[in-house]
Amino acid sequence: MKEPEVNLQLALEHGLNEDEYQKIIDILGRTPTYTELGIFSVMWSEHCSYKNSIALLKTLPRKGERVLVQAGEENAGLIDIGDGLAVAFKIESHNHPSAVEPYQGAATGVGGILRDIFTMGARPIAVLNSLRFGNLKNPRVKYLFKNVVKGISDYGNCFGVPTIAGEIYFEECYTENPIVNVMAVGIVEHSHIMKAVAKGKGNSVMIVGSSTGRDGIHGATFASQELDEESENKRPSVQVGDPFTEKLLLEATLEAIKSGYLIGVQDMGAAGITCSTSEMSARGNSGMTINLENVPVRERDMTAYEIMLSESQERMLYIIQKGKESEIAKILQKWELKYSIIGEVDDTEYLKVYFNGDLKANIPAKALVLGHGAPVYNRETKVPEYINKIRNIDYKTIPAPSDLGEILIKLISFPNICSKKWVFSQYDSMVGTNTIPIHMSDAGIVRIKGKNKALVLKTDGNGRYTYLNPRKGAEIAVAESARNIVCQGGIPIAITNCLNFGNPYDPEMYWQFSESVKGLGNACSILNTPVTGGNVSFYNESLNYTVFPTPVVGMLGLIENLDLITEQGFKQESDVIVLIGLNPENLDGSEYLKLLTNKIIGDAPLLDLYEEKKVQNAVQQLIRLKLIKSAHDVSDGGIAITLAESCIAGNIGCKINIDYHQRLDFALFNENQSKIVVTCDESKLDDVKIFLSNSGVFYKVLGTVGGNYLNINEQIRIQVNDLAEYYFSTLDDLI
């Protein structure tokens with residue numbers, strides 16, 4: 001096949017701009033070949049280069065006493081948890097592929113993030129997800145929703161990793177462009193940690209796993225564009241996954257790492273062979289010579305361009321000590337995996353690509369990767385006009401409802417609040433026998449075998465909050481995920497993040513992004529949860545919608561003693577219910593305000609991060625002192641929903657009296673932050689009061705556990721069984 005002439009027009013068609021094309025010419029000192037143009041186009045795409053975000057991301061706090069590698073240095077974050085063990089964890093998006101081919105888009109999202117974990121020598125032990133869709137009454141949205149869930153389920157279940165937690169929201173803005181974020185977590189012994197690096201002149205470069213096809217070519221470029229009428233035609237840019245091959249790849253890779261003969265390992269995700277060869281060379285200050293005729297392919301007449309840019313799944317790149325190739329080959333043969341030596345490491349710092357003896361590419365490796373030669377931009381920002389318009393609201397003008405019980409039933413039936421049991425029942429949460437099952441838990445818990453410890457894991461984010469106030473919304477994502485960790489008996493340690501936004505060239509959108517990054521940084525600094533890495537997904541826009549700015553936080557926590565595991569359900573008659581934290585009567589950002597007005601208006605809920613830290617520290621200590629029996633944070637739907645969920649989880653009622661200054665509904669349904677509802681034995685109430693008073697944390701005794709009804713101020717009286725029926729049946733009815 002004759003290759004097209006490389007010129008500016010072709011570069012523009014590849015997603016590069018004129019300045020970037022000129023920069024490529026300057027780097028090479030000549031016009032790039034067709035294969036080189038393809039290589040630069042994917043490596044300098046937003047998806048791979050982070051060219052519009054890296055400058056801001058570098059401002060996030062990335063150091064901590066438990067952090068073993070800083071963000072961006074490796075495929076995933078790495079945290080020391082003691083006993084010679086480390087946790088590898090990361091979250092990534094697969095939004096665009098899921099919008100056009102939801103099953104494979106979601107499935108390969110799971111596969112890709114799992115490979116990021118086990119390339120580091122870590123065995124994956126858990127998956128979480130964070131999903132956003134439009135209104136389920138829309139047939140297209142229902143199709144996307146069902147198939148994304150099935151894609152996540154099928155891949156994780158077949159691979160053999162439990163999906164233990166997650167979150168799902170429904171808002172109109174996600175109608176055409178769903179948000180599909182997947183987090184994976186693994187455990188590795190310090191002595192078996194593997195780096196994604198190529199070094200050592202003469203060491204062999206081996207491709208391992210599935211054959212290379214034409215699926216996924218320019219997938220990274222596709223992920224760096226807005227969705228439009230042509231998006232359906234881009235299905236070939238969506239990869240196809242095979243979880244059974246991935247399982248073999250996992251076992252073989254971990255065994256090969258333990259052999260001691262591997263120098264480096266990297267999976268082939270976005271940009272395929274191009275990304276793994278260039279990034280590993282750049283990290284090792286090395287070069288690499290590749291012979292593409294040795295790459296196993298499954299389609300006839302594939303060109304060098306296609307082989308380099310293919311994003312076929314379940315493939316890895318190994319760097320092997322010279323002379324030890326046969327030892328690694330024995331391991332791969334045992335696991336019935338394809339493999340081939342495709343080149344060797346050199347000391348030139350250039351990536352040289354040959355195909356049947358012809359030199360197709362000769363590029364300085366560092367010129368391709370973020371932090372080195374890839375372009376870095378600081379975009380213009382502008383405060384959106386809608387911000388001032390939505391803030392002008394007088395809550396006193398909103399009529400008070402006559403039946404607060406009816407309001408509570410409506411809220412607990414909202415898709416954003418009701419049980420997502422239909423979704424999580426599709427996932428095998430117990431495979432691997434590490435999961436500690438807890439009924440109606442906000443976070444997932446995975447035991448560390450052989451230790452009296454567990455990991456507690458959570459994904460969190462609220463696009464509505466961030467739309468109303470990007471900085472505060474991002475702060476809340478960190479604060480609430482940490483609060484969920486604390487309520488389970490854990491210590492928040494570190495986060496990974498997935499930042500889902502619109503077009504970075506839009507100044508108003510980039511203001512949202514910039515403010516959100518500042519919010520993440522501020523919250524992580526105050527709560528001492530460094531950022532270990534993550535993912536940025538721009539261009540989440542379609543013909544009719546731009547998604548809410550949606551930063552999602554994946555939080556890692558540690559439970560130091562299994563006896564400290566705490567649940568949200570009320571326990572037994574006569575236990576005392578205590579609210580820890582202030583309860584301002586402000587409806588900003590709440591589901592209740594949306595119910596009353598059918599609008600997204602106001603500000604994000606109130607948050608004081610220093611007060612948040614005090615509340616979390618107090619609850620941590622109460623759990624350690626064994627003074628409380630349950631803990632459940634106040635979030636979507638307000639304190640009324642928190643109480644209802646605690647009743648449902650414990651299958652027992654309560655009698656509550658809540659103070660209010662303006663209106664009871666304002667006190668019940670506000671979503672202002674830094675509040676946790678706990679219970680204690682009546683005999684320990686004085687000890688709890690003394691501790692909280694000494695801690696300088698506001699608290700209020702609300703009532704007692706008992707009976708079959710949720711009874712609040714004698715104005716809400718609903719049987720717990722009825723609450724459970726509304727809570728568990730809503731999503732089933734919509735599906």
Side-chain angles (χ1 to χ4, degrees), residues 1-52 54 198 205 212 214 216-225 237 268-283 285-293 295 297 301-311 317 342-343 346 348-377:
M1 186 187 87
K2 185 178 179 181
E3 294 183 345
E5 179 187 353
V6 175
N7 53 33
L8 175 58
Q9 181 57 39
L10 189 62
L12 295 175
E13 292 171 6
H14 276 68
L16 296 162
N17 62 39
E18 186 173 355
D19 288 341
E20 289 168 349
Y21 179 59
Q22 185 57 53
K23 184 175 180 180
I24 292 168
I25 293 173
D26 293 342
I27 288 170
L28 298 177
R30 54 178 169 78
T31 300
T33 66
Y34 181 53
T35 300
E36 287 172 335
L37 182 67
I39 289 171
F40 272 104
S41 73
V42 291
M43 290 305 294
W44 285 10
S45 69
E46 184 64 46
H47 190 73
C48 291
S49 75
Y50 287 51
K51 58 189 175 186
N52 288 307
I54 189 65
V205 179
T212 298
R214 291 188 171 93
I217 291 175
H218 271 297
T221 309
F222 172 50
S224 306
Q225 298 170 338
S237 292
M268 294 184 189
I273 296 175
T274 290
C275 189
S276 54
T277 53
S278 59
E279 288 187 348
M280 294 180 81
S281 296
R283 288 193 188 103
N285 296 312
S286 300
M288 197 180 289
T289 299
I290 300 297
N291 298 292
L292 294 182
E293 66 271 15
V295 174
V297 296
D301 301 323
M302 288 188 70
T303 66
Y305 179 99
E306 292 172 326
I307 295 170
M308 287 299 290
L309 271 60
S310 167
E311 295 184 9
L317 200 71
I342 64 170
D346 58 44
T348 66
E349 298 192 19
Y350 273 72
L351 174 62
K352 293 177 285 296
V353 179
Y354 289 88
F355 192 37
N356 295 322
D358 294 333
L359 182 61
K360 295 293 185 177
N362 187 16
I363 306 171
K366 288 185 178 179
L368 295 169
V369 301
L370 69 135
H372 295 284
V376 176
Y377 300 119

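If you're wondering where the values come from, they're calculated on a predicted model, not measured in any experiment. Side-chain atoms are counted along with the backbone in the values below, which use heavy atoms only and exclude waters and symmetry mates.
Counting heavy atoms from C-beta outward, Asp346 and Ser286 have side chains that stay 4.5 Å or more apart. In this structure, the side chains of Asn362 and Arg30 come closer than 4.5 Å at one or more pairs of heavy atoms. The closest side-chain heavy-atom distance from Lys360 to Tyr354 is not below 4.5 Å. Using a 4.5 Å heavy-atom threshold, the side chains of Lys366 and Asn285 count as touching. Side-chain contact between Ile290 and Leu351 is present, with heavy atoms from C-beta onward closer than 4.5 Å. Contact annotation: the side chain of Leu37 approaches that of Leu16 to within less than 4.5 Å [non-hydrogen atoms, C-beta and beyond].
At most 12 non-hydrogen atoms from other residues, nucleotides or ligands lie less than 6.0 angstrom from OH of Tyr350.
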Query - Verdict with supporting geometry, Met268 and Cys275, side chain to side chain contact (heavy atoms under 4.5 Å, CB included) - result: CA-CA 7 Å; Met268 294 184 189; Cys275 189; over 6 Å; no
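Closest approach of Met43 to Ser49, counting heavy atoms only: O-CB, 3.2 Å. When all heavy atoms of Met288 and Ala198 are compared, the closest pair comes out as CE-CB, 3.6 Å. Of all heavy-atom pairs between Gly15 and Glu20, the closest is O-OE1, 4.4 Å. For Thr33 against Val6, the heavy-atom pair with the smallest separation is C-CG2, 3.7 Å. Contact detail for Ile24 and Trp44: the closest heavy-atom pair is CG1-CZ3, 3.5 Å. Here the closest heavy-atom approach between residue Asn17 and residue Asp19 is recorded as OD1-N, 3.1 Å.
Checked by atom type and distance alone, the side chain of His14 pairs as donor or acceptor with a backbone atom of Leu10 at under 3.5 Å. Judged by distance alone, with hydrogens and angles left aside, the side-chain atoms of Glu311 form a donor-acceptor pair with the main-chain N or O of Ala271 at under 3.5 Å. Put simply, the side chain of Thr274 gets close to the backbone of Met308: a donor and an acceptor are under 3.5 Å apart. For the pair Thr289 (side chain) and Lys352 (backbone), a donor-acceptor distance under 3.5 Å is absent. Judged by distance alone, the side chain of Ser310 and the main-chain N or O of Glu306 form no donor-acceptor pair under 3.5 Å. Distance alone, capped at 3.5 Å, places no donor-acceptor pair between the Thr212 side chain and the Ile307 backbone. Looking at Glu279, its side chain never comes within 3.5 Å of a backbone N or O of Val369 through a donor-acceptor pair.
Between the OG atom in Ser41 and the CG atom in Leu309 there is a gap of 5.5 Å [rounded to 0.5 Å]. Taking CG from Asn52 and CD1 from Ile54, the interatomic distance works out to 11.5 Å, rounded to the nearest 0.5 Å. Note: Ile27 CD1 to Gln22 CD = 10.5 Å, rounded to the nearest 0.5 Å. Annotation: the span from Gln9 atom CD to Leu12 atom CG amounts to 5.5 Å, rounded to 0.5 Å. Taken to the nearest 0.5 Å, the CG atom of Leu8 stands 11.0 Å off from the OG1 atom of Thr31.
Using cut-offs of 30° and 60° on the angle between ring planes, the pair Tyr34 and Tyr305 is parallel.
Scanning for side chain to side chain donor-acceptor pair (under 3.5 Å) contacts around Thr35 gives an empty result, with sequence neighbours left out.
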